[in-house]
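Below: the structure, in structure tokens.
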Amino acid sequence: MRVLRQIHARLCTRPLPISTLSFALSKIVAFCALSSIGDIDYARRVFSRIPNPGIFSWNSIIRGCSLVENHSRESVYLFRRLVRRGYPCPNTFTLAFVLKACSIISACEEGLQVHTRVFRSGFGSSPFVQTALVNFYAKCEEIGLARNTFDEIPEKNLVAWSTMISGYAKVGLVNEALGLFREMQKVGVEPDEVTLVSVISACAGAGALDIGRWVHAYMERQMIDIDLELSTALVNMYGKCGCIERAKKVFCEMPVKDAKAWSTMIVGLAIHGLSESALETFSRMEEAKVKPNHVTLLGVLSACAHGGLVSEGRKHWSSMLESRIEPSMEHYSCMVDLLCRAHLVDEACNLVEDMAIPPNPVILRTLLVGCKKNKMLDRGEIIAEQLLELEPLNAENYVLLSNLYASVSQWEKMSHIRKKMKDKGIKAVPGCSSIEVDGFVHEFAMGDQSHPETEELTEILRDISERVRDFGHKPFISDVSSHCLQAIND
DNA sequence: ATAGGGTTAG
């Protein structure tokens, strides 16, 4: 960068022809915007001094901004400016870059405008632009539009398939993602690392362990290079699917581990209740001199919350404040959860009151659950009031408040809330779960009888429930079993 | 110079 700055300084003092100067400055912009050692602010300054920037310069700066964190919006602004000026004319590169920026910031309006422009410009048949459009729609959760665009691509290459698969995986349409993966193989397109990352991440989201294992075996068979991203995806998949030992194995065998990899492992251990291991992994991460990010801390705090490790949690909270990680709403949620689980509801409330930003509904709900567990009616009512003001249409809030009343046997107030819900026409979203059997993910929702084998399943659940009773246990009310019991009652 | 990838609390 220093050498470049010197060259830049000399360029400016020479009486060069404008075209030569523009060309040289364009090259500087491209380097500063795109190189890993570059400097986007410098690129912007140089760009603003180019007398008559050509499309190459515009593209460099638009792409550069889109790739730098928190600068993607600027790409969109630059593109608008370019369009308003009317020249130079955007090409396929410009469109692909600006669509990428739109997908990073989920700028749906702007992306749609670009799409209109694509139609008019006649670049609609460029595979790059088409794939960028698919990605853009998927990132904006317009999965139907993404699919329409995808279907219009006449010759779908690997990148197009991967984009669509990852789009489905991201919005949780796991069967669609896996189905498309099979279709892709049927037409003879071989997946690469990037495709497989999306497939594995779809498996993680669905608890589809069998398919995940199959993909893992497939990669080993095909000698596909299991790189950093793939390994992390595998660690996550095995962790989410309950195979923490396999997750650990993949993790240990990774030659290089970055913050995401460590975080994934820590979160995996935390959700398995292996709090001590999670914390130990965190210290190994620090020893390895990998800088923790905000997700790492979420994992650490959630491990402490699950293990009831209050003082450890407090320690990590204050060291987080000391380091440069600004606590986000999610971190506060985690800490509030930790305190509430440890029956320190008052302290949790104080923490929330001291927040610089007003608490979001998630935090308030966490507090409300804490009040319920500790039978703190008055405090709970105050929190519920705030919550209902913030989100008067969310059924979850009414259910939580009614649960609070139930926990202190205030049946009249409870039925009052239920009635209020009914009067407002608010319906609870049914609880749901899913399981993969032989490569298909079966989904169940509370009260939903649409599964072809509902009768047999209900029969089995009834049997389990009776056996639990026969053993002299109360049917245990965990999240899953309460759904089952509800299904039986229905 | 162009399009697709991993981690996120309750």
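Sequence lines set the chain letters: A, B, ... in the order given, protein chains first and strands last, and positions in each chain run from 1.
Here B:dA1 presents its P atom at 17 Å from NZ of A:Lys100, a figure rounded to the nearest Å. Between the CD1 atom of A:Ile55 and the P atom of B:dA1 there is a distance of 16 Å, given to the nearest Å. Straight-line distance from the CZ atom of A:Phe79 to the P atom of B:dT2: 19 Å, rounded to whole Å. The distance from atom CZ of A:Phe136 to atom P of B:dG4 is 13 Å, rounded to the nearest whole Å. The nearest whole Å value for the distance from the CE atom in A:Met265 to the P atom in B:dT7 is 14 Å. One interatomic measurement links the two molecules: NE2 of A:His272 to C1' of B:dA9, which rounds to 16 Å at whole-angstrom precision. Between the C1' atom of B:dG6 and the OH atom of A:Tyr238 lies a distance of 15 Å, rounded to the nearest Å. With rounding to whole Å, A:Met219 atom CE is found 12 Å from B:dG6 atom C1'.
Residue-to-nucleotide contacts include a donor-acceptor pair under 3.5 Å from the side chain of A:Asn59 to the base of B:dA1. Applying the 3.5 Å distance criterion, the base of B:dG5 shares no donor-acceptor pair with the side chain of A:Asp192. Donor-acceptor pairing under 3.5 Å, judged by distance alone, is present between the side chain of A:Ser162 and the base of B:dG4. Looking at A:Thr366, its side chain has no donor and acceptor atom pair within 3.5 Å of the base of B:dG10.
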Go through A:Phe150 and A:Trp161 one step at a time and tell me if the ring pair (Phe, Tyr, Trp, His ring centres under 6.0 Å) criterion holds. CA-CA 8 Å; A:Phe150 174 76; A:Trp161 285 101; 5.3 Å; yes
Would you sort out whether A:Trp58 and A:Thr94 count as a side-chain contact (heavy atoms from CB on, under 4.5 Å), showing the intermediate values? CA-CA 8 Å; A:Trp58 279 96; A:Thr94 329; 5.7 Å; no
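Listed nucleotides: B:dG10, B:dG5, B:dT7. Nearest to the side chain of A:Thr264: B:dT7. Relative to the side chain of A:Lys240, the nucleotides B:dA3, B:dG4, B:dT8 differ in distance, and B:dT8 lies closest. Among the nucleotides B:dT8, B:dG5, B:dT2, the one closest to the side chain of A:Ser166 is B:dG5. Distance from the side chain of A:Cys334 is smallest for B:dA9 among the nucleotides B:dG5, B:dA9, B:dG6. The side chain of A:Ala233 lies closest to B:dG6 when the candidates are B:dG4, B:dG6, B:dA1. Listed nucleotides B:dT8, B:dG6, B:dT2 differ in distance to A:Val295; the shortest reach to its side chain belongs to B:dT8. Considering only the side chain of A:Glu229, B:dG6 comes nearest among B:dA9, B:dA3, B:dG6. Picking from B:dA3, B:dG6, B:dT7 the nucleotide with the shortest atom distance to the side chain of A:Lys170 gives B:dG6. Comparing B:dG6, B:dA3, B:dT2 by their nearest atom to the side chain of A:Thr92 picks out B:dT2.
Among the atoms of the strands shown, only primed sugar atoms or phosphate atoms (P, OP1, OP2) are found under 4.0 Å from some heavy atom of A:Thr163. As judged by a 4.0 angstrom heavy-atom cut-off over every strand, A:Leu338 is placed among residues making no nucleic acid contact. Among the protein residues, A:Gln130 comes within range of no part of the nucleic acid, since none of its heavy atoms lies under 4.0 Å from any strand. Nucleic acid contact class of A:Thr195 (heavy atoms, under 4.0 Å, all strands): base. Residue A:Ile165 is classed as having no contact, given no heavy-atom separation below 4.0 Å to the nucleic acid. Using a 4.0 Å heavy-atom criterion, one finds that A:Lys139 contacts the sugar-phosphate atoms exclusively.
Side-chain atoms of A:His343 do not come within 3.5 Å of backbone N or O of A:Asn374 as any donor-acceptor pair. The closest donor-acceptor contact from the side chain of A:Ser75 to the backbone of A:Ile62 lies under 3.5 Å. In this structure, the side chain of A:Asn148 does not engage the main chain of A:Asp151 through any donor-acceptor pair within 3.5 Å. Put simply, the side chain of A:Asp337 never gets that close to the backbone of A:Cys340: no donor and acceptor are under 3.5 Å apart. Formation of a donor-acceptor pair under 3.5 Å by the A:Lys375 side chain with backbone atoms of A:Ser407 is found in this model.
Checking A:Arg365, A:Gln386, A:Glu389 one by one against A:Asn397, the side-chain hydrogen bond (donor to acceptor under 3.5 Å, both in side chains) holds for a single residue, A:Arg365.
In the region residues 344-357 of chain A, proximity to DNA chain B at under 4.0 angstrom, judged on heavy atoms, holds for none of the residues. Residues of residues 299-314 of chain A that place a heavy atom closer than 4.0 Å to DNA chain B, in numerical order, are A:Ser302, A:His306.
Listed by chain and residue number, A:His216 satisfy the ring pair (Phe, Tyr, Trp, His ring centres under 6.0 Å) test with A:Tyr238 (two or more places apart in sequence, or in another chain).
Contact annotation: A:Asn236 side-chain N/O to B:dG6 OP1/OP2 distance is not under 4.0 Å.
Here A:Phe282 and A:Trp262 keep their ring centres 6.0 angstrom or further from each other.
There is a side-chain donor-acceptor pair under 3.5 Å between A:Tyr405 and A:Glu381. A donor atom on one side chain and an acceptor atom on the other are not found under 3.5 Å apart for A:Tyr137 and A:Arg147.
In this structure, the aromatic ring of A:Phe93 is positioned over the six-membered ring of the base of B:dA1, centres within 5.5 Å and planes within 30°.
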